[in-house]
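Here is the structure we will look at, set down as structure tokens.
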Amino acid sequence: MNFDISEEQELLQDTIRQFMANECPTTHLREVFESETGFDATLWKGMAELGLVGLHLDDEYGGAGLEIIDLALVAESLGYGGAPGPFLGHVLAGLAIQLAGSDAQKQTWLPSLATGDAIGTVALGEVGGGWQPEEWTLAAGSTLSGVKLNVPYASIAEVIVVGVEGGGLVLVEKGASGVEIQPIEGVDRARRIDAVTFESTPCEALPEGAAQSGRVRDAALVLLAADAFGSGSRLVDMSVAYAKTREQFGVTIEHFQAVKHQLANMAVELEPSRGLFWYAAHAFDHVQDESQRAAALAKAHISDRVMQIARDSVEAHGGIGFTWECDVQLWFKRSMFNRAFLGTPSVHRERAAQMGGW
Amino acid sequence: MNFDISEEQELLQDTIRQFMANECPTTHLREVFESETGFDATLWKGMAELGLVGLHLDDEYGGAGLEIIDLALVAESLGYGGAPGPFLGHVLAGLAIQLAGSDAQKQTWLPSLATGDAIGTVALGEVGGGWQPEEWTLAAGSTLSGVKLNVPYASIAEVIVVGVEGGGLVLVEKGASGVEIQPIEGVDRARRIDAVTFESTPCEALPEGAAQSGRVRDAALVLLAADAFGSGSRLVDMSVAYAKTREQFGVTIEHFQAVKHQLANMAVELEPSRGLFWYAAHAFDHVQDESQRAAALAKAHISDRVMQIARDSVEAHGGIGFTWECDVQLWFKRSMFNRAFLGTPSVHRERAAQMGGW
Amino acid sequence: MDLSYGKEYEEFREEVRDFLGANWPPGGDKDRYPTKEETCQFRDDATAKGYLRRSIPKQYGGSEQPPDEIRGAILREEFTRARAPMDPPGIGTMMLVPTLLDRGEAWQKEKFVPPTTRGDINWCQGYSEPGSGSDLASLKTRGELVGDEWVINGQKIWTSGATNADYMFCLVRTEPDAPKHAGISYLLIDMNQEGMDVRPLKQMTGGSDFNEVFLTDVRTPKDWIVGKRGEGWLVSRTTLKHERNSIGAAAQSSAMFQGILHLAKSTSSGGRPNIEDPSIRQRLAEIEGYVRAHEYSGYRQMTRNARNEDPGIIQMMNKLNSTNISHMVSKLALDLLGDDGLLDPTSTSRAGYRPSDNRSWITQYMYSLGIAVAGGTANIQRNVIGERGLGLPRDSAANRSA
Amino acid sequence: MDLSYGKEYEEFREEVRDFLGANWPPGGDKDRYPTKEETCQFRDDATAKGYLRRSIPKQYGGSEQPPDEIRGAILREEFTRARAPMDPPGIGTMMLVPTLLDRGEAWQKEKFVPPTTRGDINWCQGYSEPGSGSDLASLKTRGELVGDEWVINGQKIWTSGATNADYMFCLVRTEPDAPKHAGISYLLIDMNQEGMDVRPLKQMTGGSDFNEVFLTDVRTPKDWIVGKRGEGWLVSRTTLKHERNSIGAAAQSSAMFQGILHLAKSTSSGGRPNIEDPSIRQRLAEIEGYVRAHEYSGYRQMTRNARNEDPGIIQMMNKLNSTNISHMVSKLALDLLGDDGLLDPTSTSRAGYRPSDNRSWITQYMYSLGIAVAGGTANIQRNVIGERGLGLPRDSAANRSA
């Protein structure tokens, strides 16, 4: 029995945390937040050089051949650091092509996705919350028509993996005809989303798309849960640090038992949930029977708990916590993204109930 | 606008509180709790002499001609005092006969119910939670057959008002043939319940039963809400008093902010809900359009909140709160009765939703 | 118990309705926006009838009516129904004027009360400081008497309305050697001078309801002080005898509940209207229990206040009730919103796909947190309820220094 | 990450299974209740294999195995599966024996360890007192040395197992003039003497898991003290190096969840199985999130403990996690029970209509509160997490006297 991460994995997380502290302090994060595109090419290059964006791709395509647990630990650290940019959609696009693509498709795309030279993304959501493969409605043959919503960084993607009717997946290249991309004003300006309209757009099916799209969804749920966990850790740390510096009535507010208990409650809501995303990530590669349900439970539980922790963090900061200037808002909004993207907790709880045979 | 009780009503409540403190201190309440029947004839006589058991019956039958709000204020005070005995079923039986009975039936029963010389009760619940008039299944003509559950003090009642198919009400007299009464081991030993089996038992219909049984149910909901509110007040008072006497670390525990805030939260959950049962009681007599829904909301909300307050009270008392010896258990169990009798909060919330046209 | 206002009051309501019917909108013209002069005239006429400036003595332009919570409620109801303007809203009429009437010099009342109640001048409040939130009396902004003027230096925060205020009423430490609470004076300051630097404080929602105000060698005449030197803390705590609005908070909760009910009816999940989801129905009905309880609590307070009786502990719970309800509603809203929870509420200026009507609920989701912190944090409210309501002792951490 | 136990351990499991197959039940006879002698023999044989009495040195009858959390877990799993007895349960083997081994005199170990580990003698713990709960060190039971004996007077509470204990290990104030923590000694006392008055403490559920013990001129030899005079507090806090059961609490939460799931499937409301109610499904799935999180946290701790690494803050959360889950499950249970929530769980002796299988959930509903208070109140747990886990300061109220 070894329910723990390895020293290498810890080292990787330390490296990312250090990288984020150096390259993306919150002053810089705010610049990206305010920027037009929400994309920082230098930061992306740094992440790519650390090997973060192709970790899970096969060696032969320039990846590190690692597992979803490794990718999830990266996501956790990026969540902690508040990393802006297209990481989520990018790694999912790579995963989709690796799992469902032909050799030729892999040859074409994976090497440049592994290095981050090309950015990929996934178009899953539809109008009215149709995130799940069985809910996708876009008909696709050699061309594709219809609307996908909430597509991360579609405007800078070289390739979009699009979920289509029957749960299949197709590839659309940048510059393909009939593609119109409109930004959606998303709450988390560190992770931009677009609406993408296709009109007779040339596309190419991933041969195993229908068989693998559920796996891509599960991986996405794990990564969102991991990011949420990292965000929650950051929020707890910020709140504890604030309680240690803010003075009222002649003492730092950490001296008030009510404050201490609120902070303890936040930690108790968060810390035990770490194993949920660890297990779901582990199950993805090693316990496939359970991986779908574990991913749903992890995403529902962690993103929900962390949203509450974000609210508690605002309260722990008092008035200042409600301001734009206070960093809590950055992770508050990140938490809203993690909670809503790919479906709210209640959606995945009901899925878990069904999968549990209830 | 006068949303308050009158001086007379306050005086009545003070009188009952004093009466309970004198005649039924918790030492005595425990004796009744442990007794075979759960009925204390002396206490009942005292309540009757105060005019509590026929308050709502017409003057001409020896009642005080007062309203449901007055009866609810009595119920609140009895809940605070933890009064054991058949009050609830008794006043509902009187109300049912007054609302739905023929002149002859009123003449027969109301005078002795008003003085408390005869005890009445109501048989509403059935197997599987059929508390509502539209759920009643017992067929009744000149005789009655079937089983009613959770009938308060059936064994000492001179008359039982029984809810039957079609939402009607019938009277069964003590000693009628084919009646079998079996005690149910109820959690609240201050308010005993029985299972009553009728087999070709002679009965007499209340002419307006089907028209009035919903009103009887609504009055019952109001009285349960009022009793729950009184119970909650007692639990908060006990918890505050305990915090002022229990010492730990050299100070009374009221000095710990966590304790103070827990007590404040209990008070905040309770106190505002007072208006819910006031309004529901007021509406019963004066705003009939709203009275059904107001009664459902009041019972659901107050009985639910007070159940949580009872749990919080145990925690506020620490280890001792979990013992038989500690008085908290008496009101904890009273709260369980108030919550479950006539349907749990979720049942009445769904009813409120339907009545709201949701 | 009587939920109507009673005959005398219903007659008063009729009288108010008649007045409004005759006077608002000006000239009976509903399609035109009234001029400032017309609004002024209307307010003067309403004052003459005793409907506005009710707590203001006649000598300062008021109608000098005895406090009457129920007349106040009726006026709010009827003016709201007719969309007629009441007394100019704001902290000047709400807080400064009653304080001046109670503690001010005659010349101060003459100079400031009439234009404030007419809405000609606006005020902001300089109480909180970055280091002094719940522990307000620890404030550090200093005032020194130099010749005939106070010279003030420091920083205030959470100052709403500072951007268009003409004056600030301000707590300033003028007696640095006196004990904490006894070293504070209550000064009036002209905002329109060099050294007054107002900076809007942007919220996480994107809006700016509050400001920071930096005071650098700001000056005010020696006699623009209310009460004596060092009495500022007491002056600021003066019990305000104006008509309370006991049901205002509850009315907002009710309105919020109507909103969430509408949201549940107008949104869907998995193709089914959310209002048909049993778990949503349960949550709505549970929230309604709290909302109605809050509403009836307002009626109770109004009744007691109208009789000049103490409403008791219930009065200390208003803010916490509002905050709790707002939290519950906001959380339910986020569940109802589904994907719309991804949307940014902060701006509608940039071009974006699919602006959603429901986007305002995202603001509400965040704003419900602002409510908690604006009215003093929930912890402070719990302290008040525990200490003043339940008779529990003060915080020991606070005791150590207070 | 590897959720199997690994090859070496799986071999160990096989070995254990083989042993159990050959030795339990005695003579392979499943239909006969084993005699006491057979059980003793089995335990001795298992000890010879290194399966039981693992933390006990060989000289005191143990198998003296190095601490191995995973072997411990495998043994629990396999013995449980075979329904074979492990070390006698109870506070004697759990707490007294490790303390004696660490701090006791040689003769004390010889006298008490072997019979305790064999299950021949039973112990109870005399720590808490009516006035000393979370503030244990304020205990007042006094011991005075009179000649060669300690004479002890006082009262203990929450003493489980006192009714059939042979001895008590007890904290007693022997140095009344020393500071609070330094005045306490750790004494061993024979329960079988006059002056030991054990009174079961009835719970609100009707059961009695605990006792009060009144000590009146109770006597024990001078040298029945563990550690020196005044060292009792430290002795009682000795870190116990026996194998932890990191997953025990989580396993109970899991079992409770399976129970509530079954309850939801087997009860109905309004004619429909509760498990089909969307609001019940949501609550169940939400609870499952907590339960699985708790379970995985147990695995994490087990992994770290097996490597002799500090599991960190997660270890301090076990009790609060269990309590929180138990609360959630119990509240859901009450909703699922409907009318059965009216039933009394305390007795099945009186004749009553319709005894319900679900009645035990009422006990659980109350008992979940006992869990909260038994393991120290939730507030104490929050203090521990805040102080030791998050590095926050101690309570100021507590600081004033501690």
Side-chain angles (χ1 to χ4, degrees), chain A residues 1-6 9 67 69 236-237 239-240 243-244 251-252 254-257 259-283 285-287 293-294 296-298 300-302 304-305 345-346 348-354 356 358, chain D residues 1-6 9 69-70 73 261 264-265 275-276 278 280-286 288-290 292-304 306-307 309 312-314 316-317 320-321 324 378-379 381-387 389-399:
Chain A
M1 156 84 58
N2 171 19
F3 196 82
D4 205 348
I5 58 176
S6 67
Q9 288 167 329
E67 300 184 347
I69 179 71
V236 171
D237 285 358
S239 301
V240 169
K244 289 179 164 299
V251 292
T252 48
E254 59 178 341
H255 285 88
F256 290 93
Q257 198 183 31
V259 172
K260 178 160 63 178
H261 285 195
Q262 280 158 355
L263 294 171
N265 285 339
M266 288 162 67
V268 171
E269 287 288 281
L270 180 67
E271 187 55 38
S273 74
R274 190 192 295 268
L276 282 176
F277 88 79
W278 280 9
Y279 181 74
H282 171 76
D285 285 305
H286 299 284
V287 199
R293 189 161 189 271
L297 273 179
H301 186 83
I302 302 179
D304 210 14
R305 296 283 83 76
S346 60
H348 294 289
R349 292 204 175 103
E350 176 55 33
R351 288 184 62 233
Q354 285 171 23
W358 301 357
Chain D
M1 193 166 290
D2 178 5
L3 293 187
S4 74
Y5 285 111
Y9 286 113
E69 171 106 7
I70 295 177
L261 190 57
K265 288 176 176 171
I275 190 69
E276 292 176 14
I280 300 296
R281 295 163 74 83
Q282 286 288 320
R283 287 172 71 185
L284 281 169
E286 183 165 4
E288 189 180 356
Y290 281 103
R292 297 261 169 266
H294 194 20
E295 192 177 323
Y296 301 138
S297 298
Y299 295 153
R300 280 169 65 196
Q301 291 170 69
M302 189 161 88
T303 302
R304 292 282 174 102
R307 293 200 302 246
E309 289 173 14
I313 195 172
I314 190 75
M316 305 165 196
M317 297 176 170
L320 208 48
N321 282 337
N324 289 345
N379 281 343
Q381 301 299 324
R382 290 187 192 102
N383 272 359
V384 169
I385 294 162
E387 292 163 15
L390 303 176
L392 301 171
R394 290 196 59 199
D395 285 344
S396 23
N399 280 339

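FYI, side chains are in, hydrogens and waters are out, and symmetry mates aren't considered; it's all heavy atoms of this structure. In what follows, every chain begins at residue 1, and chains take the letters A, B, ... in the order their sequences are listed.
- Between V268(A) and Q381(D) the shortest side-chain heavy-atom distance does not fall below 4.5 Å.
- Both the backbone and the side chain of Q354(A) come within less than 4.5 Å of a heavy atom of chain D.
- Smallest separation of non-hydrogen atoms from I314(D) and E271(A): CD1-CG, 3.9 Å.
- With values rounded to the nearest 0.5 angstrom, L284(D) atom CG is found 11.5 Å from R349(A) atom CZ.
- Both the backbone and the side chain of L390(D) come within contact range of chain A, each with at least one heavy atom under 4.5 Å from a heavy atom of that chain.
- For the pair W278(A)/R300(D), a side-chain contact is recorded, criterion being any heavy-atom separation below 4.5 Å from C-beta on.
- Note on E269(A), Q9(A), E254(A), H261(A): by heavy-atom pairs under 4.5 Å with chain D, the leading option is H261(A).
- If you measure heavy-atom distances from D237(A) to chain D, you find no contacts under 4.5 Å at all.
- Residue contact with chain A, scored on non-hydrogen atoms closer than 4.5 Å, involves the side chain of I70(D) exclusively.
- Below 30°, between 30° and 60°, or above 60°: for Y290(D) and H301(A) the angle between ring planes is above 60°, a perpendicular geometry.
- N321(D) approaches P272(A) most closely through the heavy-atom pair ND2-CG, 3.5 Å.
- For R351(A), no part sits under 4.5 Å from any heavy atom of chain D, backbone or side chain.
- Considering only heavy-atom pairs separated by less than 4.5 Å from chain A, the leading option among H294(D), R292(D), R304(D) is R304(D).
- Side-chain N or O atoms of R281(D) include one that pairs as donor or acceptor with a backbone N or O of W358(A) at under 3.5 Å.
- Among the candidates N265(A), D304(A), I5(A), V287(A), the residue making the largest number of heavy-atom pairs closer than 4.5 Å to chain D is N265(A).
- Here the CE atom belonging to M302(D) is positioned 12.0 Å from the CG atom belonging to D4(A), to the nearest 0.5 angstrom.
- A donor-acceptor distance shorter than 3.5 angstrom exists from the side chain of Q282(D) to the backbone of S346(A), with no hydrogens or angles considered.
- For the set R274(A), E67(A), H286(A), the entry with the most heavy-atom pairs within less than 4.5 Å of chain D is R274(A).
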Q: Take L392(D) and H255(A) through the side-chain contact (heavy atoms from CB on, under 4.5 Å) test and state the conclusion after the steps.
A: CA-CA 8 Å; L392(D) 301 171; H255(A) 285 88; over 6 Å; no

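- Scanning both residues, G386(D) and A264(A), for their nearest heavy atoms gives N-CB, 4.1 Å.
- For N324(D), the part sitting under 4.5 Å from any heavy atom of chain A is the side chain, from C-beta outward, and nothing else.
- The contact between I69(A) and chain D is made entirely by side chain atoms (from C-beta outward), counting heavy-atom distances below 4.5 Å.
- Across K265(D), E276(D), E286(D), the residue that shares the most heavy-atom pairs under 4.5 angstrom with chain A is E286(D).
- Chain A forms more heavy-atom pairs under 4.5 Å with one residue of G391(D), G312(D), A306(D) than with any other, namely G391(D).
- When heavy atoms are compared at a cutoff of 4.5 Å, L320(D) approaches chain A solely by way of its side chain, counted from C-beta outward.
- Proximity to chain D (any heavy atom under 4.5 Å) is shown, for A267(A), by both the backbone and the side chain.
- L297(A) touches chain D through its side chain: at least one heavy atom from C-beta onward sits under 4.5 Å away, while N, CA, C and O do not.
- Across every non-hydrogen atom of A293(D) and S273(A), the tightest pair is CB-CA, 3.9 Å.
- With respect to the salt-bridge test (charged N to carboxylate O, under 4.0 angstrom), the residues E387(D) and K260(A) qualify.
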